[in-house]
Amino acid sequence: MNILDIIQDGVAKGVKELYDHDIDPSSVNLSGTRKEFEGDYTVVVFPFTKAAKKKPDVIGEELGNYLTQNIGQLVRFNVIKGFLNLVVSDDYWTDFLQDIAQQEQYGQHQPNGKKVMVEFSSPNTNKPLHLGHIRNILLGWSTSRILEAAGYEVVRVQIVNDRGIAICKSMLAWQKFGEGATPESMGKKSDHFVGHFYVLFEQKFKEEYTAWQASEEGQKVFAEKQKKDQDQTAFFKAYKNTYFNEYSALGQEAKSMLLQWEAGDEATIALWKKMNNWVYQGFDVTYQNLGVHFDKLYYESNTYLLGKETVLNGLENSTFYKKEDGSVWIDLEDAKLDHKLVLRSDGTSVYMTQDIGTAQLRYQDYGVDKMVYVVADEQDYHFKVLFEILKRLGEPYADGLHHLSYGMVDLPSGKMKSREGTVVDADDLMAEVKEEARMNSGERGTIIDLPKEEQDDIIRKIGLAALKYFIVRVNPQKRMTFDPKESVDMQGQTGPYIQNAFVRIQSVLRKAGEIDFAKAKDYTTLQPQEKDIILQLFDFPNIIEQAANDYDPSHVGAYCYNLAKSFHKFYHDLPMLKAETEAAKVFRLMLSTQLAKTLQFGMDLLGIEMPHKM
RNA sequence: GGUCCCGUAGCUCAGCUGGAUAGAGCAACUGACUUCUAAUCAGUAGGUCACAGGUUCGAAUCCUGUCGGGAUCACCA
């Protein structure tokens, strides 16, 4: 039992003994004491006023006396209004520090025997990764690390959208206009190379469309189908999809390529494989630079036919129903989700059907208890429906499904739009942030004596820390504004600020040399700065648990920042190597050591590495 | 129009199951470096928690409504 449980338990017993009233220990409202008052933890006594029939401050006094008499670890208390502030003995905290120093990895929970699958990234294969993918990948990666720290076994997967009209556009453009070019011949990273042809297709298509708009046929369509008060520009903007499907020569070619692909045409498949392999090679580099990896990739080309059988089975037991045209639907009105199509009238699968099949496939592959899908919030409705269907199908993992929904990333200038060229490329962004770190480091000259290779490694760690922390500190649910200028900031609430705390500790430890931590036991009276740190260290496992339960890495981000901040203050206020006594010196070094280890582990959960110098 | 998400300092964001005088960072201003390396610390200033009701001893937090922003409501993925 840790001190929090002991206090809650004690309060419950005290309320029973003093006021003859039963309460659940876990319902006792216990929080950290605010800085301006003395105390480590605060019990809110308002809830007991009814049972006790006394004023809050009287209850506080009585309960405070009871607790300090019955709980050895509590040494003092004070009451302010309805708040009972409790002071835990320094002995308890110094013992706690000794205790975590013995642990192999403080914060890492025991295995809980459960397996969770986390799906993230899941890009289309027609163009390179961008800032939106980065948020997805960082969220997915850090969530998976946090789940591991919370005791889960984790399987990292993605579903690669390697088929469909988008990749056909890249393929067609390369075939028509590429003249046999390769990434090597053009000197481009291979995923960017494929993206180049996707953009080229869109350009050619736009030219074609513009010409058509002025043509006799285009003008005729406009005259016939325009809505009232709709001008020509607005009409043709809205008409683009229809044009692509019904009039466009390029559209026709792309569509027939898709049909050939589905028919298994050899030449088309070969081209498709060639283009996709280029993309994968490029993605691999980006993933490696980001420091993430996957256990298994699912490809849509293998899964897009799945789920149909399940739907047909479900048709027999009336989970689904068939319309006259042969299409199959599910009625989710009682779950406020309307009716949803699951098989087309020609019997083929739709997105939803695939996802049903893929979920089942994954369960067969790994037998997981939970599945987490990291997908942007524009698909909230889709996942609500998917989860409801899987529940009605009685899938064993249905209660463990979670959509980690995150908001889109905006730029200060507004939304990212590929058509307007405002999309921030993932590779470019990483390069920029490293460049900024290089310039910063150059100005300081603190690592100039190190070998070039080591300098580069440090600079990479700092740059990526700035970028990653900037993104991962924001609550996933919220839409976020990504200001490139702020993302390379290295002062204040940033990744490098946190790294700097770690680096400072490494520097002091290097100077300290051999330390006999046993001497720390002679240090018995804690300074406020020291206690502040210990209390935060004590909180670490809870933070991890909470972040895992909420699927929210930003909790860990905030925690690491606060811990680093407390360290910087401690470092400023109290000497370590020149401490007043040997015991104080050793104790502070031990405290710093544990803090550094905790910071390193916490930041690792966010996918951020610590340099030893900076 | 139906449904869902968001709205906190000039800007970017915290604020745990309702708890004390709503907190950080950036930007602005002031101070602290022959130091355990200042990517740091200390301080000043900055708020009608979108708005209006309601529940409660107590509401940024829960409920209802209004306004503003976004998403979604395809035999697309």
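In what follows, chains are A, B, ... by sequence order, proteins preceding strands, each numbered from 1.
- The aromatic ring of Tyr571(A) does not sit over the base of C41(B); the criterion of centres under 5.5 Å apart with planes under 30° is not met.
- With pairs defined as Watson-Crick or G-U wobble and both atom distances under 3.5 Å, the stems of at least three pairs that touch RNA chain B come out as B:1-7 with B:67-73, B:10-13 with B:23-26, B:28-32 with B:40-44, B:50-54 with B:62-66.
- The aromatic rings of Phe46(A) and Phe83(A) sit perpendicular, their planes meeting at an angle over 60°, well past the 30° parallel limit.
- Residue Gln354(A) has its side chain nearest to A77(B) when only A77(B), A20(B), C41(B) are considered.
- In terms of modelled atom types and a separation under 3.5 Å, the side chain of Ser507(A) and the main chain of Val503(A) share no donor-acceptor contact.
- Atom CG in Leu332(A) sits about 15 Å away from atom P in C73(B), given to the nearest Å.
- Atom P of nucleotide C13(B) and atom CG of Asp552(A) are separated by 14 Å, given to the nearest angstrom.
- Rounded to an integer number of Å, the gap from CE of Met352(A) to P of U72(B) is 14 Å.
- Minimum heavy-atom separation, Gln252(A) to Asn245(A): OE1-O, 4.4 Å.
- Checked against C13(B), C73(B), A39(B), the side chain of Asp338(A) finds its nearest nucleotide in C73(B).
- Between Glu119(A) atom CD and A77(B) atom P the separation is 16 Å, expressed in whole Å.
- Judged by atom type and distance alone, Thr42(A) reaches the base of A20(B) through a side-chain donor-acceptor pair under 3.5 Å.
- Among residues two or more places apart in sequence or in another chain, the ring pair (Phe, Tyr, Trp, His ring centres under 6.0 Å) test is passed with Phe587(A) by Tyr523(A).
- Comparing C76(B), G19(B), A38(B) by their closest approach to the side chain of Arg504(A) singles out A38(B).
- Remark: Asn29(A), Arg34(A) in residues 26-35 of chain A come within less than 4.0 Å of RNA chain B through at least one heavy atom.
- Nearest nucleotide to the Gln493(A) side chain, out of G25(B), A39(B), A38(B): G25(B).
- The ring pair (Phe, Tyr, Trp, His ring centres under 6.0 Å) search around Tyr561(A) returns Tyr497(A), not counting sequence neighbours.
- Residue-level contact check: Ser507(A) touches the backbone only, with heavy atoms under 4.0 Å from sugar-phosphate atoms and none from bases.
- Listed nucleotides: A14(B), C41(B), U12(B). Nearest to the side chain of Val474(A): A14(B).
- The side chain of Phe83(A) sits closest to G19(B) out of G19(B), A77(B), U40(B).
- Across A77(B), U21(B), G19(B), the shortest atom-to-atom separation from the side chain of Lys81(A) is found for U21(B).
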Is there any protein nitrogen or oxygen under 3.5 Å from a nitrogen or oxygen in nucleotides 4-8 of chain B, and what are the pairs?
from: C5(B); atom 1: O3'; to: Gln477(A); atom 2: NE2; distance (Å): 3.2
from: C6(B); atom 1: OP1; to: Gln477(A); atom 2: OE1; distance (Å): 3.2
from: G7(B); atom 1: OP1; to: Lys478(A); atom 2: NZ; distance (Å): 3.0

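- Of the residues in residues 164-171 of chain A, none has a non-hydrogen atom less than 4.0 angstrom from any atom of RNA chain B.
- In this structure, Asp457(A) pairs ionically with Lys461(A), as a charged nitrogen and a carboxylate oxygen lie closer than 4.0 Å.
- Qualifying ring pair (Phe, Tyr, Trp, His ring centres under 6.0 Å) partners for Tyr469(A), counting only residues two or more places apart in sequence or in other chains: none.
- RNA chain B lies under 4.0 Å from at least one heavy atom of each of the following residues of residues 404-416 of chain A: Lys415(A).
- Atom-to-atom, CG of Asp550(A) to C1' of C16(B) comes out at 8 Å; the value is rounded to the nearest Å.
- To the nearest angstrom, P of C36(B) lies 19 Å from CG of Leu591(A).
- Among C11(B), C13(B), C36(B), the nucleotide with an atom closest to any side-chain atom of Glu486(A) is C11(B).
- Note: Phe470(A) and Phe482(A) meet the aromatic proximity criterion, with ring centroids under 6.0 Å apart.
- Every residue meeting the side-chain contact (heavy atoms from CB on, under 4.5 Å) condition with Asn549(A), not counting sequence neighbours, appears here in chain and number order: Glu545(A).
- We find that Glu580(A) and Arg588(A) are joined by a salt bridge, their nearest charged nitrogen and carboxylate oxygen being less than 4.0 Å apart.
- Scored by the ring pair (Phe, Tyr, Trp, His ring centres under 6.0 Å) test, His402(A) finds Tyr551(A) as partners (sequence neighbours excluded).
- For Asn241(A) against A74(B), no side-chain N or O and base N or O form a donor-acceptor pair under 3.5 Å.
- For the segment residues 574-587 of chain A, the set of residues with a heavy atom within less than 4.0 Å of an atom of RNA chain B comprises Leu574(A), Pro575(A), Met576(A), Leu577(A), Lys578(A), in numerical order.
- Not counting sequence neighbours, Gln506(A) has no partner by the side chain to side chain donor-acceptor pair (under 3.5 Å) test.
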